[in-house]
Asks: 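The structure under discussion is supplied below as structure tokens; questions concerning it will follow.
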Amino acid sequence: MMRLLVVGASGLVGAELCRRAGPAAVGAARHIEGAATLELDLADRASIDATLERVCPDTIAICSAWPHVDGCELDPDRSRRENVVTVRNLVNATEGADVRLLFFSTDHVFDGSKPGPCVEGDPVRPLSVYAAHKREVEELLLVRGCSLVCRTAWVFGAEVRGKNFVYQVIRHARDGEVLTVPARQSGCPTWSGWLCESVLGMLRQGTEGIVHVSGAQEFTKATWARRIAEVLELPSLEIVETDCQTSGQLAPRPERVAMASSRHPLVQPDVEGILRALRL
Ligand SMILES: NC(=O)c1ccc[n+]([C@@H]2O[C@H](COP(=O)([O-])OP(=O)(O)OC[C@H]3O[C@@H](n4cnc5c(N)ncnc54)[C@H](OP(=O)(O)O)[C@@H]3O)[C@@H](O)[C@H]2O)c1
């Protein structure tokens, strides 16, 4: 059985990964919350060393990040510290040890210019600081080896902190607030449960390198919000589509990215059925 340390277990993906991995997983984060039962700060080498000694993992899932795309654009130094240096610290701490790393990257490494779905070998061109830092870590882990880099997008699912887009739509509908979304941006919502089952399967098979694990149905933000509202039978929701700046987005983003895998073709179940089953 795998001995899995999940870093960022208080977050959306980390908590789901812990749930799906069961007793094989130990969850850690800076704060004890959700599935995180151990305190760990990847910015602090002593904290990493103490956790590795205590848990003795053979696999470490890095679900920790500062995933605030606009925040990273405003504060690139913080983004580098929290999104790059943290992972480099872990790579250094595991040097010479027989430990596999799993890292979550993003569809934002692409610039959105490809008409069809991007596969793993397609050229990347990150447009934002967040995306550039994600790409830097991808490269670091490809050089390290013994690493699985999972690119995903628009993750949704049950979450203690209730911050993913499905919760935002629910809150806006219940509070009667207008939901402002950027026009012309589309992507593929990915259910956290399916994402985590898929990567756990790949870890068990010993898959390494970059793999795309993302939903297959493409939506604009507005059509995704409408679908959520319809399926969850929410009170009427007013959605306004605006340009990126009016909707509060500072960082450049690819307008339209879909991803598919040429290495591990996977098809996520229909999002409507998933939303219904989630009971958020
Ligand atoms: N959500 C998406 O749509 C999406 C899409 C593509 C890629 N991704 C990537 O998938 C990964 C997981 O995303 P998510 O949505 O689950 O993020 P999230 O909910 O924001 O969770 C991030 C977690 O990282 C922890 N963390 C941050 N800095 C840390 C540090 N220095 N040491 C230890 N823990 C730290 C946080 O814990 P504390 O708050 O306790 O510090 C939090 O639990 C991220 O790498 C993200 O970039 C996400």
Side-chain angles (χ1 to χ4, degrees), residues 5-20 26-48 50-52 60-72 78-90 93 101-110 126 128-138 141 148-168 185 187-196 198-199 210-215 219 221 224 251 253-254 257 259:
L5 171 64
V6 178
V7 189
S10 53
L12 168 61
V13 175
E16 187 67 33
L17 196 62
C18 283
R19 259 195 300 279
R20 302 263 160 187
V26 177
R30 286 179 300 197
H31 308 95
I32 306 270
E33 190 184 347
T37 54
L38 281 184
E39 266 181 42
L40 165 64
D41 185 352
L42 287 189
D44 175 3
R45 177 64 193 264
S47 168
I48 298 174
T51 306
L52 294 182
I60 304 175
I62 309 161
C63 308
S64 53
W66 187 39
H68 182 1
V69 179
D70 295 310
C72 293
R78 178 176 169 192
S79 175
R80 171 162 295 285
R81 280 196 309 277
E82 299 201 13
N83 289 325
V84 181
V85 176
T86 46
V87 182
R88 195 182 303 129
N89 288 342
L90 191 59
L101 299 184
L102 162 66
F103 175 69
F104 288 90
S105 188
T106 168
D107 58 337
H108 285 215
V109 296
F110 297 108
S128 65
V129 169
Y130 167 76
H133 286 164
K134 283 291 191 187
R135 177 60 189 163
E136 203 173 319
V137 174
E138 288 186 356
L141 294 181
L148 174 62
V149 172
C150 165
R151 287 189 188 137
T152 189
W154 291 31
V155 183
F156 71 96
E159 180 185 15
V160 172
R161 291 178 181 169
K163 60 181 171 30
N164 67 72
F165 192 63
V166 177
Y167 288 93
Q168 292 173 33
Q185 267 173 26
C188 298
T190 307
W191 175 42
S192 56
W194 174 82
L195 167 69
C196 291
S198 302
V199 292
I210 295 174
V211 180
H212 291 179
V213 184
S214 133
F219 295 87
K221 280 276 179 189
W224 179 218
R253 289 159 165 84
V257 185
M259 293 193 296

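When a ligand or atom number is given, it counts from 1 through the structure's own listing order.
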Asks: I need the nearest protein heavy-atom contact for atom 35 (C) of ligand 1: residue, atom name and distance, please.
Replies: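 Closest protein heavy atom to atom 35 (C) of ligand 1: Ser64 CB, 3.4 Å.
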Asks: With respect to atom 48 (C) of ligand 1, which of Val69, Leu12, Val155, Val137 exhibits the smallest heavy-atom separation?
Replies: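 Looking at heavy atoms only, Val155 sits closest to atom 48 (C) of ligand 1.
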Asks: Which ligand 1 atoms are under 4.0 Å away from a heavy-atom of Trp154?
Replies: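 By the 4.0 Å cutoff, the relevant atoms are 3 (O).
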Asks: Under a 4.0 angstrom heavy-atom cut-off, which atoms of ligand 1 come close to Ala29?
Replies: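 Checking each atom against Ala29, I get 34 (N), 37 (O), 40 (O).
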Asks: Look up atom CH2 in Trp191 and atom OG in Ser198, then write down how far apart they are to the nearest 0.5 Å.
Replies: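 These two atoms lie 9.5 Å from each other.
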Asks: Where's the contact between Tyr130 and ligand 1, heavy-atom distance under 4.0 Å: side chain, backbone, both or neither?
Replies: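 Only the side chain of Tyr130 comes within reach of ligand 1.
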Asks: To which protein heavy atom is atom 32 (N) of ligand 1 closest, and what is the distance rounded to 0.1 Å?
Replies: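 Result: Leu42 N, 3.0 Å.
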Asks: Check this for me - ligand 1, Val13, N or O atoms closer than 3.5 angstrom, yes or no?
Replies: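 Min N/O separation from ligand 1 is below 3.5 Å for Val13.
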Asks: Quick check: do Cys72 and Asn83 have side-chain heavy atoms less than 4.5 Å from each other?
Replies: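 SC-SC contact between Cys72 and Asn83 confirmed.
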Asks: Ser105 vs Arg135, test: side chain to side chain contact (heavy atoms under 4.5 Å, CB included). Steps then yes/no.
Replies: CA-CA 8 Å; Ser105 188; Arg135 177 60 189 163; over 6 Å; no
Asks: Could you say whether the N/O atoms of Thr152 and ligand 1 ever approach to under 3.5 Å?
Replies: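 For ligand 1, there is no N or O atom that lies under 3.5 Å from one belonging to Thr152.
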Asks: State whether the shortest distance between N or O atoms of Ser105 and N or O atoms of ligand 1 falls below 3.5 angstrom.
Replies: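 Such a contact does not occur with ligand 1.
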Asks: State, yes or no, whether a side-chain contact exists between Val87 and Leu141 at a heavy-atom distance under 4.5 Å.
Replies: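 Yes, side chains in contact.
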Asks: Assess whether side chain to side chain contact (heavy atoms under 4.5 Å, CB included) is satisfied between Val137 and Val149, documenting all intermediate values.
Replies: CA-CA 9 Å; Val137 174; Val149 172; over 6 Å; no
Asks: In ligand 1, which numbered atoms sit nearer than 4.0 Å to a non-hydrogen atom of Arg161?
Replies: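 Listed by number with element: 38 (P), 39 (O), 40 (O), 42 (C).
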Asks: Is the shortest N/O to N/O distance between Arg30 and ligand 1 below 3.5 Å?
Replies: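 Yes, Arg30 has an N/O under 3.5 Å of an N/O on ligand 1.
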Asks: For atom 21 (O) of ligand 1, which protein heavy atom lies nearest, and how many Å away is it?
Replies: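 Protein heavy atom at minimum distance: Gly11 CA, 3.4 Å.
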Asks: Hey, could you give me the CD1/CG distance between Ile62 and Leu5, rounded to the nearest 0.5 Å?
Replies: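 If we round to the nearest 0.5 Å, Ile62:CD1 and Leu5:CG are 9.5 Å apart.
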Asks: For ligand 1 and Ile62, I'd like to know whether there is a polar contact (N/O to N/O, distance under 3.5 Å).
Replies: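 Between Ile62 and ligand 1 (N or O atoms, distance only) the closest approach is not under 3.5 Å.
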Asks: What protein heavy atom is closest to atom 18 (P) of ligand 1, reported as residue, atom name and distance in Å?
Replies: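 Looking at atom 18 (P) of ligand 1, the protein heavy atom closest to it is Lys163 NZ, 3.6 Å.
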Asks: In terms of atom number and element, which parts of ligand 1 are under 4.0 angstrom from non-hydrogen atoms of Thr86?
Replies: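 Selected atoms, number and element: 31 (N).
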Asks: Would you say Asp41's side chain and Arg30's backbone share a donor-acceptor pair under 3.5 angstrom?
Replies: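 No: the side chain of Asp41 does not pair with the backbone of Arg30.
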Asks: When the ring planes of His212 and Phe110 are compared, do they come out parallel, tilted or perpendicular, using 30° and 60° as the limits?
Replies: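 Correct class here is perpendicular.
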Asks: Say you draw a straight line from OG1 of Thr152 to CG of Leu195; how long is it, rounded to the nearest 0.5 Å?
Replies: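 Interatomic distance, Thr152 OG1 to Leu195 CG, rounded to 0.5 Å: 4.5 Å.
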Asks: What are the atoms of ligand 1, with element, lying closer than 4.0 Å to any heavy atom of Ser10?
Replies: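 In order of number, 36 (C), 37 (O), 38 (P), 40 (O), 42 (C), 43 (O).
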Asks: Which of the numbered atoms in ligand 1 are under 4.0 angstrom from any heavy atom belonging to Gly8?
Replies: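 Counting atoms of ligand 1 from 1, those under 4.0 Å from Gly8 are 23 (C), 24 (O), 25 (C), 43 (O).
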Asks: Kindly say whether the aromatic ring centers of Phe156 and Trp224 come within a distance under 6.0 Å.
Replies: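 Yes: the rings meet the under 6.0 Å criterion.
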Asks: How far is atom 31 (N) of ligand 1 from its nearest protein heavy atom, and which residue and atom is that?
Replies: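 Closest protein heavy atom to atom 31 (N) of ligand 1: Asp41 OD1, 2.9 Å.
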Asks: Lys134 heavy atoms, cut-off 4.0 Å: which ligand 1 atoms fall inside?
Replies: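 The atoms of ligand 1 under 4.0 Å from a heavy atom of Lys134 are 44 (C), 45 (O), 46 (C), 47 (O).
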Asks: Looking only at distances, can you tell me whether any N or O atom of Gly14, backbone or side chain, sits closer than 3.5 Å to an N or O atom of ligand 1?
Replies: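 Not met; the criterion fails.
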Asks: Judging by distance only, is a nitrogen or oxygen of Val7 under 3.5 angstrom from one on ligand 1?
Replies: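 Not met; the criterion fails.
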Asks: Can you find a pair of side-chain heavy atoms, one from Glu136 and one from Arg88, that are under 4.5 Å apart?
Replies: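 When only atoms from C-beta onward are counted, Arg88 and Glu136 do touch, with a gap below 4.5 Å.
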Asks: Is it the side chain, the backbone, both or neither of Leu40 that has a heavy atom closer than 4.0 Å to ligand 1?
Replies: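 For Leu40, only backbone atoms sit under 4.0 Å from ligand 1.
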Asks: Among all protein non-hydrogen atoms, which one is nearest to atom 44 (C) of ligand 1, and what is the separation to 0.1 Å?
Replies: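 Nearest neighbour among protein heavy atoms for atom 44 (C) of ligand 1, to 0.1 Å: Ala65 CB, 3.6 Å.
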Asks: Need the ligand 1 atom indices (1-based, order shown) with element for anything under 4.0 Å from a heavy-atom of Pro67.
Replies: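 Here the atoms of ligand 1 in question are 17 (O), 20 (O), 47 (O).
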Asks: Can you tell whether the side chains of Lys134 and Asp107 come within less than 4.0 Å, N to carboxylate O?
Replies: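 Judged by the 4.0 Å cut-off on N to carboxylate O distance, Lys134 and Asp107 do not form a salt bridge.
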Asks: Identify the closest protein heavy atom to atom 40 (O) of ligand 1: which residue and atom is it, and at what distance?
Replies: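 Atom 40 (O) of ligand 1 sits closest to the protein heavy atom His31 ND1, 2.8 Å.
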Asks: Write out the residue and atom name of the closest protein heavy atom to atom 22 (C) of ligand 1, then the distance separating them to 0.1 Å.
Replies: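 Closest protein heavy atom to atom 22 (C) of ligand 1: Cys63 O, 3.7 Å.
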Asks: Kindly give the heavy-atom pair with the smallest separation between Gly215 and Thr190, and that separation in Å.
Replies: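 For Gly215 and Thr190, the tightest heavy-atom pair comes out as N-OG1, 3.0 Å.
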Asks: Could you tell me the separation between the CG atom of Leu40 and the CD1 atom of Ile48, rounded to the nearest 0.5 Å?
Replies: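 Here the rounded value is 6.5 Å.
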Asks: As a quick check of understanding, evaluate side-chain hydrogen bond (donor to acceptor under 3.5 Å, both in side chains) for His133 and Ser79, giving each step before the final call.
Replies: CA-CA 7 Å; His133 286 164; Ser79 175; 2.7 Å; yes
